[in-house]
> 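Structure incoming, see below.
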Amino acid sequence: MKVVVVESPAKAKTINKYLGSGYEVLASFGHVRDLPAKDGSVDPDNDFKMLWEVDDKSQKRLNDIARAMKDADGLILATDPDREGEAISWHVLEVLKQKNALKKQTVERVVFNAITKQSVMEAMKHPRQIDGALVDAYLARRALDYLVGFTLSPVLWRKLPGARSAGRVQSVALRLVSDRELEIEKFVAREYWSLVAKLATPRNENFEARLVGADGEKITRLDIGSGEKAEDFKRALDSANFVVNSVEAKPARRNPYPPFMTSTLQQEASRKFGLAPAHTMRIAQRLYEGIDIGGETVGLITYMRTDGVDIAPEAIVSARKVIESDYGRQYVPSSPRKYQTKAKNAQEAHEAIRPTDLERRPSEVKKLLEPDQAKVYELIWLRTIASQMESAELERTTVDITAKASGRNLELRATGTVVKFDGFLTLYTEDQDDKADEDDANRLPQMATGEALKRQEIQATQHFTEPPPRYSEASLVKRMEELGIGRPSTYASILQVLKDRGYVRIDKKRLIPEDKGRVLTAFLENFFARYVEYDFTASLEEQLDKVSNNEMPWRDLLRDFWTGFIGAVADIKELRITQVIDALDEMLAPHLFPPSKDGTDPRKCPNCDNGRIGLKLGRFGGFVGCSNYPECKFTRQLTVGADGQGAGMRKLGEDPDTGLEVTVRGGRFGSYLQLGEPTKDADGETVKPKRASLPKGVPQDEVTLEQALKLLSLPREIGKSPEDGEPIIAGIGRFGSYVKHNKIYANLDAGEDVTSVGLNRAITLIAEKIANPGKGRRFGADPGKVLGEHPQKGGPVTVKNGRYGPYVANNGVNATLPSDKTVDTITLDEAIVLLDARAERTGGAPTSRRKRPARKEPPKKAAPSKAPEKAKKRASAGGAKPKAAPKAPRKAKAEAAE
């Protein structure tokens with residue numbers, strides 16, 4: 001009997017059926033060891049010695065494998081066919097050696113690209129040893145990520161309050177997003193005009209032509225920059241005679257796209273279905289591990305972490321057969337298509353992502369899959385089949401037209417494309433992140449040289465140049481791939497980390513850097529410029545590829561990196577926080593304080609008039625504050641709005657009752673309204689102004705003065721309870737809009753207006769709450785909704801409404817839902833991605849039980865309390881006497897005595 005180790009229990013169950021009674025297949029449940037999240041796990045002074053730790057759950061699984069080895073003839077390590085899979089096999093083998101679980105048994109490594117009986121049985125015939133070079137590349141990458149994270153993050157905590165962490169690749173990805181935002185902010189729109197003539201042939205067939213030249217000079221897109229110039233051309237065209245000068249038709253071919261690799265699958269799933277890369281990979285994992293078909297679990301696609309684009313010969317034969325059967329012989333090219341990857345080192349699994357059986361059409365498996373799984377499977381099937389189809393045959397036609405009027409010679413051009421044979425386009429077209437104008441997509445009528453044309457209409461249209469678009473998740477993955485940053489297996493996790501740590505947010509499928517993400521990027525660019533340079537990061541990836549090719553010792557790579565990196569860290573440690581703030585204030589000034597339209601000083605405080613606003617750092621990140629603090633408490637978020645006031649504050653008008661100014665502001669807990677500014681009372685104590693949170697669904701930039709005054713009047717009394725005469729109150733709290741009677745709270749339903757809810761509705765809500773006290777979040781814990789079972793770790797995955805918002809839970813691990821997901825829209829696959837990412841950061845420990853390590857800080861001297869003075873004032877005014885200080889507990893007395 002031989003023991004086979006794979007990664008997931010689902011895969012173990014399937015492969016056990018394939019292999020039969022002579023094998024026992026056990027699951028490692030992914031990685032079994034990792035570096036402990038503490039200092040010293042990688043020791044640069046000891047030749048980069050790495051200390052590994054096995055968590056409790058993995059220890060149990062490894063013990064099961066060790067027990068199984070007692071009666072086994074051999075060990076077969078069959079983890080995934082990429083670098084991570086190679087590393088898991090190595091970790092399992094190392095732990096078994098430490099446990100003395102291996103005597104004279106043989107140890108073999110097998111890899112298969114698909115979970116089908118044929119693929120698995122074929123792999124068993126070709127065992128090999130663990131690839132040491134791939135393991136070395138894993139060790140180097142893991143050590144680099146640890147050294148950057150655990151060396152740089154503590155510096156951030158001390159020098160840049162609000163920053164959570166920095167990573168070797170995530171920081172460069174964040175810089176891409178932040179740099180693009182800066183491009184957009186610096187962009188100055190430029191006016192330009194286009195002139196289009198609507199013309200007709202003698203046969204009354206209409207088409208359009210654009211002005212491209214005048215009096216022998218070419219006219220490019222931006223050359224007509226004013227309405228006056230455009231009007232001159234329009235007057236000339238209105239009186240011109242139009243004649244066809246030339247007609248040119250050229251044949252063209254459009255070749256199909258290669259099959260999917262990891263990055264292109266993530267990009268296309270994002271474009272077509274709006275799926276996040278991490279969610280796409282989770283779906284692909286499920287399709288790879290398989291579904292039950294006819295009583296047997298069968299993998300539907302090949303391994304999904306790859307940068308290869310070629311497919312196996314037998315798959316090509318199958319694809320050609322399907323094409324001929326479904327679309328006809330004319331769609332089958334004369335010879336099979338071969339593709340080559342553009343990656344410098346295809347270090348992952350080498351075959352492209354394809355269906356394991358191309359004759360298993362999407363319509364046949366749709367009813368067996370969840371909706372998103374069916375979409376992704378169909379996408380992979382279509383792309384694979386299309387990659388082996390005949391090219392599309394096109395004809396591109398260009399018609400040059402001369403317009404003569406009042407001694408001027410104007411030139412126009414019409415372009416069009418005709419599909420003569422659709423080829424692969426009959427099945428598949430690739431989406432684009434940012435669609436360009438397709439002037440030649442239309443079909444032109446037949447025309448001949450010298451033919452006169454009739455003028456129908458001349459249109460002069462004003463345009464403005466647009467800034468570069470923000471990155472979508474798909475376009476960011478594409479850009480990272482172009483720059484050589486990261487690798488296919490890392491793109492999804494990089495994006496997930498940026499979202500989880502609040503460095504970016506997604507709005508309308510576009511990535512927008514948050515303020516703390518921009519401050520972090522500025523900090524790194526200012527003090528660690530080399531380590532967030534695109535070329536440096538790409539060069540480091542190339543060196544890691546050399547390690548995986550056995551061309552470079554992994555410790556040499558670490559030594560070269562560590563020498564320069566630790567020097568940069570030492571330099572920043574000497575800086576004071578004020579120096580850091582000053583440097584960032586100067587660097588971010590064009591973004592934070594753009595020139596005002598009226599020429600006034602953009603740094604002048606709008607609140608106190610004599611203060612100077614600048615960058616400040618708080619525990620929740622960067623913000624703009626006044627130099628006269630604490631006398632002036634003006635603050636706003638970093639982002640500047642169109643009105644120049646910043647996204648953090650907008651003036652709405654005055655309260656007619658008090659004359660105080662009403663503003664809407666952005667805070668770290670969301671948008672809120674404020675009436676007036678902080679003032680001082682007779683004793684010099686600060687009196688905070690009245691504030692009110694904006695209800696969910698009310699955008700900060702759309703709230704009106706009338707709405708604001710109603711919200712600032714909250715909490716308000718709706719009326720008296722008919723039962724006991726006590727007031728029923730409406731208000732907005734931490735968990736949203738509510739009505740309250742005595743100590744019973746009831747949440748309003750989505751869409752209900754807290755400022756206008758009536759007495760009858762409030763009584764109904766409170767009665768429902770009394771009858772069903774478990775409903776809602778204010779009365780008992782939310783039991784949650786079960787989404788399904790965790791495929792690797794077992795146990796139910798539930799989504800709940802918690803005190804701090806919705807979250808998903810499994811086996812004691814909790815993960816907060818991102819802002820674009822709700823308890824009603826989150827899916828099982830998306831929940832698993834969040835939970836696995838959370839478990840990876842916490843080392844698998846239940847998040848409710850993990851204790852944050854205490855930070856060692858010098859003891860602070862206690863500030864003198866104002867309580868005795870206040871008590872004396874109250875006593876002298878006839879109030880209660882000041883209470884005596886409570887006696888210290890015995891333990892506290894003993895500690896004080898020591």
Side-chain angles (χ1 to χ4, degrees), residues 1-32 57-58 60-62 64-65 68 75-93 108-124 126-127 130 262 281-306 348-349 351 353-357 360 365 368-370 373 376-377 380 489 788-795 797 828-829 832-833 835-836 839:
M1 191 267 292
K2 291 188 176 182
V3 172
V4 181
V5 177
V6 296
E7 291 185 41
S8 76
K11 195 188 303 183
K13 185 178 179 181
T14 302
I15 294 173
N16 222 131
K17 290 180 181 179
Y18 294 159
L19 297 179
S21 58
Y23 297 84
E24 182 178 2
V25 186
L26 299 173
S28 71
F29 288 78
H31 275 284
V32 297
K57 288 185 178 180
S58 295
K60 180 180 180 300
R61 291 156 192 154
L62 289 167
D64 292 341
I65 296 172
L75 173 67
I76 299 176
L77 300 165
T79 48
D80 288 343
D82 59 0
R83 183 182 54 244
E84 292 297 310
E86 207 73 22
I88 291 171
S89 287
W90 176 78
H91 277 301
V92 170
L93 183 58
E108 297 171 326
R109 170 84 168 111
V110 300
V111 294
F112 36 82
N113 197 41
I115 303 177
T116 62
K117 190 169 185 178
Q118 179 182 349
S119 296
V120 172
M121 300 308 292
E122 186 65 25
M124 291 295 174
H126 302 93
I130 288 178
T262 303
M281 295 311 294
R282 176 60 58 183
I283 294 170
Q285 178 83 38
R286 298 282 293 277
L287 295 175
Y288 167 68
E289 293 181 352
I291 62 169
D292 187 277
I293 299 178
E296 181 177 302
T297 302
V298 179
L300 294 183
I301 64 170
T302 55
Y303 192 59
M304 63 286 163
R305 292 186 181 91
T306 174
E348 315 289 339
E351 194 179 358
I353 304 169
R354 62 169 176 85
T356 55
D357 182 358
R360 190 177 291 122
V365 297
L368 304 173
L369 300 173
E370 295 177 6
Q373 293 173 351
V376 173
Y377 178 77
I380 295 169
S489 60
E789 294 285 318
H790 196 298
Q792 281 83 36
K793 300 177 182 178
V797 175
L828 176 61
D829 288 330
I832 291 169
V833 171
L835 289 165
D836 289 352

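Residues: numbered from 1 along the sequence shown. In what follows, every heavy atom counts, from backbone to side chain, and hydrogens, waters and symmetry copies are set aside.
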> Does any non-hydrogen side-chain atom of R61 lie less than 4.5 Å from one of V32?
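No - every pair of side-chain heavy atoms lies 4.5 Å or more apart.
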> Which heavy atom of A12 sits nearest to which heavy atom of L26, and what is that distance?
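That closest heavy-atom pairing would be CB-C, 4.3 Å.
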> Counting C-beta onward and ignoring hydrogens, is there a side-chain heavy-atom pair between I65 and V5 closer than 4.5 Å?
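Yes, at least one pair of side-chain atoms sits under 4.5 Å.
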> Do F112 and P81 have side-chain heavy atoms sitting under 4.5 Å apart?
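No, side chains not in contact.
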> Crowded around K60 NZ? As in, over 12 foreign heavy atoms under 6.0 Å?
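Counting other residues, nucleotides and ligands, NZ of K60 stays at 12 neighbours or fewer.
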> Checking K117 against V298 for the side-chain contact (heavy atoms from CB on, under 4.5 Å) test, could you report, in this order, the C-alpha distance in whole Å, the side-chain angles of both residues, the deciding distance, and whether it holds?
CA-CA 8 Å; K117 190 169 185 178; V298 179; over 6 Å; no
> Given D829, which of Q373, Q285, M281 fulfils the side-chain contact (heavy atoms from CB on, under 4.5 Å) condition?
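Of Q373, Q285, M281, side-chain contact (heavy atoms from CB on, under 4.5 Å) with D829 is met by Q373 alone.
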> If every non-hydrogen atom of V110 is compared with every non-hydrogen atom of A123, which pair is closest and at what distance?
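Closest heavy-atom pair between V110 and A123: CG1-O, 3.7 Å.
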> Would you indicate whether the side-chain heavy atoms of Y303 and E351 approach each other to under 4.5 Å?
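No, their side chains stay 4.5 Å or more apart.
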> If you round to the nearest 0.5 Å, how far is NZ of K11 from OH of Y288?
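Those atoms lie 4.0 Å apart.
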> Before giving the answer on side-chain contact (heavy atoms from CB on, under 4.5 Å), spell out for L835 and V797 the whole-Å C-alpha distance, their side-chain angles and the decisive distance to 0.1 Å.
CA-CA 9 Å; L835 289 165; V797 175; 3.7 Å; yes
> Examine distances only and state if a side-chain atom of T297 and a backbone atom of I293 form a donor-acceptor pair shorter than 3.5 Å.
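Between the backbone of I293 and the side chain of T297 there is no qualifying donor-acceptor contact (under 3.5 Å).
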> Nearest 0.5 Å, what's the CD1-OG1 distance between I291 and T14?
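If we round to the nearest 0.5 Å, I291:CD1 and T14:OG1 are 11.0 Å apart.
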> Is R109 salt-bridged to E86, going by a charged N under 4.0 Å from an acidic O?
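So R109 pairs with E86 through a salt bridge.
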> May I have the step-by-step check of side chain to side chain donor-acceptor pair (under 3.5 Å) for H31 and E7, ending in yes or no?
CA-CA 8 Å; H31 275 284; E7 291 185 41; over 6 Å; no
> Measure the shortest side-chain to side-chain distance between K13 and V25 over non-hydrogen atoms and say whether it is less than 4.5 angstrom.
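No, side chains not in contact.
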> I'd like to check L300 versus R286 (side-chain heavy atoms, cut-off strictly below 4.5 Å). Are they in contact?
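Not in contact.
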> Among S28, S8, S89, find the one that has a side chain to side chain donor-acceptor pair (under 3.5 Å) with T79.
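When S28, S8, S89 are each tested with T79, the side chain to side chain donor-acceptor pair (under 3.5 Å) holds only for S89.
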> I need the I15 CD1 to T116 OG1 distance, nearest 0.5 Å.
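The distance works out to 10.0 Å.
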> Quick one: does I301's side chain get under 4.5 Å of R354's, heavy atoms only?
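A side-chain contact under 4.5 Å is absent here.
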> Treating T356 as the side-chain partner and G299 as the backbone partner, does any N or O pair qualify as donor plus acceptor under 3.5 Å?
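The answer is yes, because a donor-acceptor pair under 3.5 Å joins these two groups.
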> Using 0.5 Å steps for rounding, measure from the OG1 atom of T302 to the CG atom of N113.
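One gets 5.0 Å once the value is rounded to the nearest 0.5 Å.
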> Test side chain to side chain donor-acceptor pair (under 3.5 Å) on T262 and T306; report intermediate values, then the result.
CA-CA 5 Å; T262 303; T306 174; 5.7 Å; no
> Checking side-chain contact (heavy atoms from CB on, under 4.5 Å) for the pair I130/L93: CA distance, chi angles, key distance, verdict?
CA-CA 10 Å; I130 288 178; L93 183 58; 3.8 Å; yes
> Identify the heavy atoms of E289 and I115 that sit nearest to each other, and give their distance.
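Looking at all heavy atoms of both residues, the closest pair is CA-CD1, 3.7 Å.
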> Find the distance between CD (E108) and CG (L75) and round it off to the nearest 0.5 Å.
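Spacing of CD (E108) from CG (L75) equals 9.0 Å.
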> Looking only at heavy atoms, which two atoms of L287 and L369 are closest? And how far apart?
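Shortest heavy-atom separation between L287 and L369 comes out as CD2-CD2, 4.0 Å.
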> What is the distance from atom NE2 of H790 to atom CZ of F29, rounded to the nearest 0.5 Å?
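Answer for the NE2-CZ pair, H790 versus F29, is 10.0 Å.
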> Run N16 and Y23 through side chain to side chain donor-acceptor pair (under 3.5 Å) and show every step you take.
CA-CA 7 Å; N16 222 131; Y23 297 84; over 6 Å; no
> Please report the closest heavy-atom contact between A114 and V120, naming both atoms and the distance.
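So the two residues come closest at O-CG2, 4.3 Å.
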